[in-house]
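Quick notes on the structure that follows.
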Amino acid sequence: MAMHAVRLSPATQLHGGISSNLSPSNRKPNNPIVRYGCGSSKRCRTVTVLASVRENDANGRDNSVRAMEVKKIFEDSPLLPKPLSSNKLAESVSNGSRVRVAYQGVRGAYSESAAEKAYPNCEAVPCEEFDTAFEAVERWLVDRAVLPIENSLGGSIHRNYDLLLRHNLHIVGEVKLAVRHCLLANHGVNIEDLRRVLSHPQALAQCENTLTKLGLVREAVDDTAGAAKQIAFENLSDAAAVASAEAAKIYGLNIVAEDIQDDCDNVTRFLMLAREPIIPGTNRLFKTSIVFSLEEGPGVLFKALAVFALRQINLTKIESRPLRKHPLRASGGLKYFDYLFYVDFEASMADEVAQNALRHLEEFATFLRVLGSYPVDTTML
Ligand SMILES: O=C(O)C(=O)C[C@]1(C(=O)O)C=C[C@@H](O)C=C1
């Protein structure tokens with residue numbers, strides 16, 4: 001069979017709107033339809049792409065040509081927006097009608113789902129780096145940024161704690177997302193063919209047991225959907241991606257294993273960030289996130305945490321990070337590591353008891369900043 005040109009079909013579809021002109025009878029068996037688009041959002045358009053690529057692979061024809069053509073489809077498609085990079089931020093133009101939410105990764109990343117859960121109907125804007133997502137908010141190009149901060153299996157996403165401090169955005173909400181990982185490979189690739197697995201380090205950590213059983217060599221990439229895209233782009237036959245079922249749809253991959261995370265209860269918590277804080281309320285359950293540093297000495301952390309215990313305020317999270325601007329402190333001829341403590345507690349800044357606790361903490365903290373006071377996501381409790 002000759003290599004068919006891979007082309008974008010004019011049959012561009014609008015979900016729930018303009019219908020496709022590609023009837024099932026047009027679909028010749030040697031012209032399988034690969035769909036690139038999102039299936040979850042009703043407003044999202046789906047481009048139908050005619051491609052003969054699978055047959056060509058099976059017949060051992062030139063895979064590099066196939067890979068280049070598939071790559072071109074992705075690059076040309078206006079429906080898979082290129083992630084923003086810091087030097088291309090100005091290219092991000094708003095149509096003005098929907099909340100724009102920046103996330104790190106490419107289409108199909110869990111962060112995109114988190115943005116959609118927090119702001120249904122939002123325009124999710126992919127960014128190459130977390131810094132770009134922050135910058136996009138700071139420069140008024142988008143309204144919000146979404147940031148994964150911790151996972152029930154993999155733990156804290158440390159770098160993102162550091163970013164919270166480096167930038168001056170406010171936490172205005174949180175979202176907890178059930179993360180169900182799949183192993184995605186190109187069609188025709190079996191689980192026994194796999195040698196390598198690509199994904200975000202957090203996702204790899206969350207599937208540690210399964211990946212070890214399968215004896216796969218881990219390769220870290222920027223995000224789960226980016227891994228899926230790479231598998232498809234490069235038409236890899238010895239590698240799979242750990243990513244979502246949604247990413248499989250978008251990048252035309254096959255799900256070779258489902259629910260591969262080490263525990264079925266796998267939840268990632270994301271933070272929503274904005275230029276302005278929200279006005280904290282008392283009408284529902286609120287949480288407040290703070291960061292502080294302390295002098296060195298016996299019992300200082302105990303004293304700091306006691307300001308909450310004394311007032312019956314529940315702590316939900318504590319994380320320590322190096323104080324990077326001043327990582328070492330000399331005292332009594334010794335050098336100590338210097339830390340920042342990030343604490344989340346269950347109270348609103350509108351509660352007097354929370355204000356009193358922070359006033360008390362200020363008495364001995366060398367630095368204190370409130371990162372945000374925001375409603376608790378109770379949908380997963
Ligand atoms: O790579 C993605 O899809 C992301 O959205 C990032 C991320 C993370 O940083 O934790 C989000 C959710 C999952 O825990 C795995 C990866």
Side-chain angles (χ1 to χ4, degrees), residues 38-41 80-81 83-84 101-119 122 124-134 136 144-164 171 173-184 197-211 218-232 240-251 253 255 258-273 317 319 321 377 379-380:
C38 76
S40 65
S41 162
L80 281 177
L84 287 177
V101 186
Y103 67 95
Q104 189 273 332
V106 296
R107 287 279 326 281
Y110 291 103
S111 299
E112 187 191 31
S113 306
E116 282 162 1
K117 181 176 175 192
Y119 302 102
C122 71
V125 180
C127 296
E128 273 180 8
E129 308 276 345
F130 281 115
D131 269 317
T132 316
F134 276 78
R144 301 278 186 272
V146 63
L147 184 77
I149 198 75
E150 58 173 328
N151 171 272
S152 55
L153 287 173
S156 295
I157 298 149
H158 294 126
R159 196 183 123 71
N160 292 352
Y161 276 95
D162 300 343
L163 283 175
L164 281 176
I171 306 173
E174 68 168 6
V175 149
K176 292 179 188 138
L177 192 79
V179 171
R180 301 181 64 181
H181 291 302
C182 303
L183 200 58
L184 312 182
V197 60
L198 279 58
S199 201
H200 186 282
Q202 261 288 333
L204 294 173
Q206 293 160 27
C207 304
E208 179 66 31
N209 296 345
T210 317
L211 301 178
R218 279 76 145 172
E219 289 180 23
V221 295
D222 284 346
D223 69 288
T224 57
K229 187 173 166 181
Q230 189 178 338
I231 301 284
V242 172
S244 63
E246 184 62 19
K249 269 193 236 162
I250 295 173
Y251 301 106
L253 293 175
I255 299 179
E258 269 179 312
D259 269 331
I260 59 163
Q261 63 280 353
D262 292 345
D263 192 287
C264 55
D265 256 350
N266 186 31
V267 177
T268 301
R269 179 172 161 251
F270 294 84
L271 299 176
M272 309 300 144
L273 306 167
K317 170 84 179 155
E319 185 67 49
R321 295 290 301 146
D377 178 5
T379 59
M380 306 228 63

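Start at 1 with the first residue, then count along the sequence. Whatever order the structure lists ligands and atoms in, that order sets their numbers, starting from 1.
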Can Arg321 and Glu319 be counted as an ion pair, charged N to O under 4.0 angstrom? no
Which residues share a side-chain hydrogen bond (donor to acceptor under 3.5 Å, both in side chains) with [X], sequence neighbours left out:
{"X": "Ser244", "value": "none"}
{"X": "Arg180", "value": "Asp259"}
{"X": "Glu219", "value": "Arg196"}

Tell me yes or no: between the side chains of Lys317 and Ser156, is some donor less than 3.5 Å from an acceptor? yes
Checking Val146, Ile157, Asp377, Asn160 against Phe270 for side-chain contact (heavy atoms from CB on, under 4.5 Å), the one that qualifies is Val146
Distances under 3.5 Å, N/O of ligand 1 against N/O of the protein: list each pair and its distance.
unit_1, atom_1, unit_2, atom_2, d
ligand 1, 1 (O), Thr224, N, 2.8
ligand 1, 1 (O), Thr224, OG1, 3.4
ligand 1, 3 (O), Tyr110, N, 2.9
ligand 1, 3 (O), Thr224, OG1, 2.5
ligand 1, 5 (O), Tyr110, N, 3.4
ligand 1, 5 (O), Ser111, N, 2.9
ligand 1, 5 (O), Ser111, OG, 2.7
ligand 1, 9 (O), His200, NE2, 3.3
ligand 1, 14 (O), Gln206, NE2, 3.0
ligand 1, 14 (O), Thr268, OG1, 2.8

